[in-house]
Amino acid sequence: MTSEHRLPTDVRPKHYDLTVWTDLDNSKFDGVVHIDLHVEKSTNTIVLNTLDLNLSGIVLHVIIATDSTKKSIEMNASHQMVDKATQRGIFTFPKLIPAGSNARLTIAFDGILSNSLSGYYRSTGGKDRTIVYSLTQFQATAARKAFPCWDEPALKATFSTTLVSRADTVNISNMSVRSEQLLSAAGCVEEGSWLAQKAATLEDLSAWKKTRFDTTPPMSTYLVAYANGPLEFKEGAYVSRNGQRKPLRIYATADNIHQGQYTLDLAAKIMPLYEQLFDLDYPLPKLDFIVSDDFDFGGMENWGLIVGRTSAFLYDLEAHNIRLQQYVASLVSHEVAHMWFGDITTMEWWDYLYLNEGNFRRIHRDWQLDARFLGSNFYRARYLDAKRSSHPIEVECPDPDKIVQIFDDLSYCKAASVLRMLADYVGEDKFLKGVSIYLNKHKYKNTVTKDLWEGIQAATHLDIPRMMDNWMGYPVITVTERAGGIHVRQDRFLETGPVKDPKDNETIWTVPLHILTVEANGSTKIDSVSLLEERDKFICVDVSRPYKLNAGTSGFYAVKYEDQRLEKLGKQVTSPNFAFSLQDRIGLIRDAFALASAGYAPVRGALALLDGLRDSKEYLVVDSIAASLTFLAWTWWENDKITTFLNAYRGQLFAAIIKKMGFDPSDKDTADDRQLRVKAIEQAAEAEDPWVVGELYARFEHFRKTNDRSRIISELCGITYRIGVQRGGKEAWAFVKNIAEKPSNPAEGISAMSALGETREESLAEETFSFATKEARVQDVLHYLRGLRSNVKMRRFLAEKVMKHFDELEERFAGIIELIAHIQTAFASLTSHADHKKLTIFFEQKNTAKYELPLRKSLDEIKMHALWIDRDTDELKKWLAEHQG
């Protein structure tokens, strides 16, 4: 790819010798980098990336080799310029550097340890936020903020890192420590070096130390990582396939480190599993985790040094919170998988981000993670991909502004969903064999899409590119029954309704149909071979017997049946006489509501299907029912009549589950039981069921008045605090705010932050918004705002406040992913045509380059809700009225 934002290829880096001096007391850093280069094309100009750094001491040593001699030339830059717009440093030298020669570029640099959450920055932790430490976050284009470099994924090099710091702090980087000495030790500081000049300014060399780390394999700059500060650690290990014992550590501040054991234990289980799955040993000598109090992403896969938020990697083993266990396990397994996908083998440019993020995450099968995947990934991706603002998985990213916007559910969730579909079609064993071929062939290299398809093709002997190369958007498969079988037709699915313009319906997908049929003797058969590769075709199926397309809900598409067949399927998927899977039941519910919301099918049919499944005892089926009813509630939130009817229906449905199971957990509960009870209580409370709300409020008040939290169920902390704030006024709000600032664990803190937005008093909503946007940690702002968004009484208040203060928010959150999330949080829950028009006009006067994609998604979301309200308000009101009591 050529672009004004891509660096010239005249020279390429081969090795970085990087020294970084960290001064936490004065919030600054400086250092020197020696970069070994190979000159591909004769030039006298070197161009690299740099941003927000002061550069000095720029020297180039050129080694010119002839047949018999080597000659070294030293040159200082005759001209240097930093172009902030393109984030480049341009250095011109007095003589031409000949092609084929090797060179070493030396640059000294210094910068500020800010709280920007990118580059090399500072974080504060501890019970009173008095512990200061520094760490890096370089993805996607922020290594250039920490040291001058060729900051593109394809320009891999090896790295030798040296960190200089206060003697009483800890230094961590991608590799193991090679040596560590006080600067006062004999031979520690090389005479004449940059470090010697720096050390000469110190009064007490024994107060500082130098930590040198082993050299890395070839890697991309965005994966380089280091940290410094008064951190503590827990240690474990795993045994690699080759018998080598490799250490595992997790680092955190002293007040948090005791909650790191769960992540450490997970890593010890996952590492050997991935080595086996990918048939490739983890090549680094160790793997560390750092728990950061201030972090932009959930987690970051720095090679050998994974970094994540406190909520990502901390878990209180005494909490017995299955939902949180699963969340941490999902993040840990995802980031560890990146040690292979993304780190050993890395996408060539950010267009191919999904090659990193779409990794396979099927660990802990006892948690039914394949079925859970549907709610956590599959339907999130489908929801986004149904918008006109959707983008391909492989999306052009010409500049840093565009790159940060593609870290979304398409790059993550759709990529994983499409790979899951492919694995199901070719068989998981062959799929993983293909992945292994891909990883081993491109070890320490960069890849593009065709490289992965070629690996899987080599293992399966199937034409993988033909099947996979056109998955932009997705189809709805319409099934029409005819004599002797079914007619199936594919068209693009759009959330705004059936396609009218032929230009929107030009794609023909290669669709694995996975047709499940029930034979006369009751046995089931799945046709896993049939593909729909044309617009439509006829398939022989006995329509007098039960059948279903997309068995296991593995295919990334929706299926529209005729009304009568959908009604039959609703009964058959719950019958013990037919072997439909949990995934089939989930898929049937989710498809019905997706089709109804987009105008492909009547809402009455989707509601009838849901009502027929209301007695289900499976958590993930009930979760799908809850998601569908919540979708209705969030669409018609300003229609009082429908809200009243819908709350009565939801309250009755979920309160009945609670009364059967009991409010409190039992020692006899399975994991499914616990999650089912929690979901039912949350849903009943959101529907304002008097009994459930009263019980939660009584427990909250007991805690507030006595400081005895024993009656607060860990998994219900969030909804309990929400009800407390809704009903308890200023005293309750202040109590929860104190918890938010000093929680017993990260999950409780997030629950409290979100709960503050649930107030019914506008003055308290003002305080919540003000605190969130002016005082809260940058990474926590969204939790407060999402609480205001979920509060129907304050949803418009939030939108108006964000519009009023948009310029301030844009300035504060510029360059980090939080800005994108703020836009979707504030505006995507609005549901009227007037809202769509107002926001369109508001943003017409702004430069939206940094958030164009999320803005378009939000506007699409508003339009979808408004059209659904136009279409189905009367029918929904009628159905709900018929199903009261």
Side-chain angles (χ1 to χ4, degrees), residues 153-154 156-159 174-176 214-220 222-225 236-248 266-289 299-306 331-348 352-365 415-416 419-420 422-423 426-461 464:
K156 287 192 170 186
T158 55
F159 290 80
N174 302 88
M175 298 293 285
S176 300
D214 288 331
T215 302
T216 71
M219 61 187 291
S220 302
Y222 80 94
L223 297 170
V224 174
Y238 83 98
V239 178
S240 183
R241 291 191 312 165
N242 60 16
Q244 184 180 358
R245 184 182 183 276
K246 295 193 174 183
L248 303 168
L266 284 169
K269 295 176 182 177
I270 293 169
M271 291 295 287
L273 175 60
Y274 279 155
E275 288 191 345
Q276 188 70 34
L277 283 176
F278 300 138
D279 192 25
L280 181 61
D281 291 349
Y282 174 65
L284 302 192
K286 58 88 179 180
L287 175 61
D288 295 333
F289 295 80
M300 176 59 208
E301 66 272 14
N302 309 305
W303 208 6
L305 182 54
I306 296 171
L331 279 171
V332 172
S333 60
H334 174 86
E335 300 305 337
V336 170
H338 273 308
M339 299 300 102
W340 286 262
F341 271 99
D343 293 6
I344 291 179
T345 303
T346 312
M347 76 270 152
E348 187 268 341
Y352 307 99
L353 174 65
Y354 83 96
L355 290 177
N356 286 4
E357 298 302 344
N359 57 59
F360 238 41
R361 294 191 252 177
R362 295 205 232 177
I363 312 299
H364 306 287
R365 293 180 184 272
L419 292 177
R420 173 178 174 267
L422 178 59
V426 304
E428 188 168 299
D429 289 344
K430 289 182 179 178
F431 175 83
L432 290 172
K433 178 62 178 175
V435 168
S436 174
I437 292 171
Y438 160 77
L439 289 172
N440 280 281
K441 181 178 180 180
H442 301 284
K443 187 176 181 181
Y444 305 141
K445 298 176 183 177
N446 296 86
T447 59
V448 295
T449 300
K450 71 179 182 66
D451 297 319
L452 178 59
W453 298 159
E454 287 174 358
I456 298 173
Q457 186 163 289
T460 61
H461 307 294
I464 302 301

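Remember, predicted model here, so these are calculated numbers, not experimental data. Hydrogens, waters and symmetry mates are skipped; everything else that's a heavy atom, side chains included, is used.
- Remark: side-chain polar atoms of T216 are paired, donor with acceptor, to backbone N or O of F159 under 3.5 angstrom.
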Query - Candidate pair F289 and V336, rule side chain to side chain contact (heavy atoms under 4.5 Å, CB included), full reasoning - result: CA-CA 10 Å; F289 295 80; V336 170; 4.0 Å; yes
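- We find the CE-CG distance between M271 and L266 to be 13.0 Å, quoted to the nearest 0.5 Å.
- In the displayed structure, K430 atom NZ is contacted under 6.0 Å by at most 12 heavy atoms of other residues, nucleotides or ligands.
- When atom types are taken as modelled, the side chain of T346 and the backbone of G342 share a donor-acceptor pair closer than 3.5 angstrom.
- Atom NZ of K246 is surrounded by more than 12 heavy atoms from other residues, nucleotides or ligands within 6.0 Å.
- Here the shortest heavy-atom pairing between S176 and K286 reads OG-CG, 3.4 Å.
- Shown here for G434 and A459, the closest heavy-atom pair between the two residues is N-CB, 3.5 Å.
- In this structure, N446 contributes its side chain and P153 its backbone to a donor-acceptor pair below 3.5 Å.
- Listed for the N174 side chain is a donor-acceptor partner under 3.5 Å among the backbone atoms of W303.
- The shortest non-hydrogen separation linking Q276 to R241 is OE1-CD, 3.9 Å.
- M339 has its side chain out of reach of L284: every pair of non-hydrogen atoms, C-beta onward, lies at least 4.5 Å apart.
- From L452, atom CG reaches atom CD of E454 across 10.0 Å, with rounding to the nearest 0.5 Å.
- Expressed to the nearest 0.5 Å, how far CG of D281 lies from CD1 of I344 amounts to 9.0 Å.
- Using modelled atom types and a 3.5 Å distance limit, the side chains of T447 and Y438 yield a donor-acceptor pair.
- Residues satisfying the side-chain hydrogen bond (donor to acceptor under 3.5 Å, both in side chains) criterion with S436, sequence neighbours excluded, are N440.
- Closest approach of A268 and A237 over heavy atoms only: CB-O, 3.7 Å.
- Here the CG atom belonging to L305 is positioned 12.0 Å from the CE atom belonging to M175, to the nearest 0.5 angstrom.
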> Please walk me through it: do K433 and T460 pass side chain to side chain contact (heavy atoms under 4.5 Å, CB included)?
Replying inline: CA-CA 9 Å; K433 178 62 178 175; T460 61; over 6 Å; no
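- Under the rule for a side-chain hydrogen bond (donor to acceptor under 3.5 Å, both in side chains), Q457 has no partner lying at least two apart in sequence or in another chain.
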**Prompt:** Given L432 and E428, is the side chain to side chain contact (heavy atoms under 4.5 Å, CB included) satisfied, shown in steps?
**Reply:** CA-CA 6 Å; L432 290 172; E428 188 168 299; 4.0 Å; yes
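- The side-chain hydrogen bond (donor to acceptor under 3.5 Å, both in side chains) search around D451 returns none, not counting sequence neighbours.
- Using modelled atom types, no side-chain atom of K445 and backbone atom of A154 make a donor-acceptor pair closer than 3.5 Å.
- Taken from CD1 in I456 to CD1 in I464, the straight-line distance is 6.0 Å, to the nearest 0.5 Å.
- Y444 OH to D343 CG: the interatomic distance, rounded to the nearest 0.5 Å, is 11.0 Å.
- The shortest heavy-atom contact between A458 and I437 is CB-CD1, 4.1 Å.
- Looking only at side-chain heavy atoms (C-beta outward), F431 and R420 stay at 4.5 Å or farther from each other.
- Classified by interplanar angle (parallel below 30°, tilted 30° to 60°, perpendicular above 60°), the ring pair H338/H334 is perpendicular.
- Using cut-offs of 30° and 60° for the angle between ring planes, the Y274 and W340 rings count as perpendicular.
- No side-chain heavy atom of Y238 sits under 4.5 Å from any side-chain heavy atom of L273.
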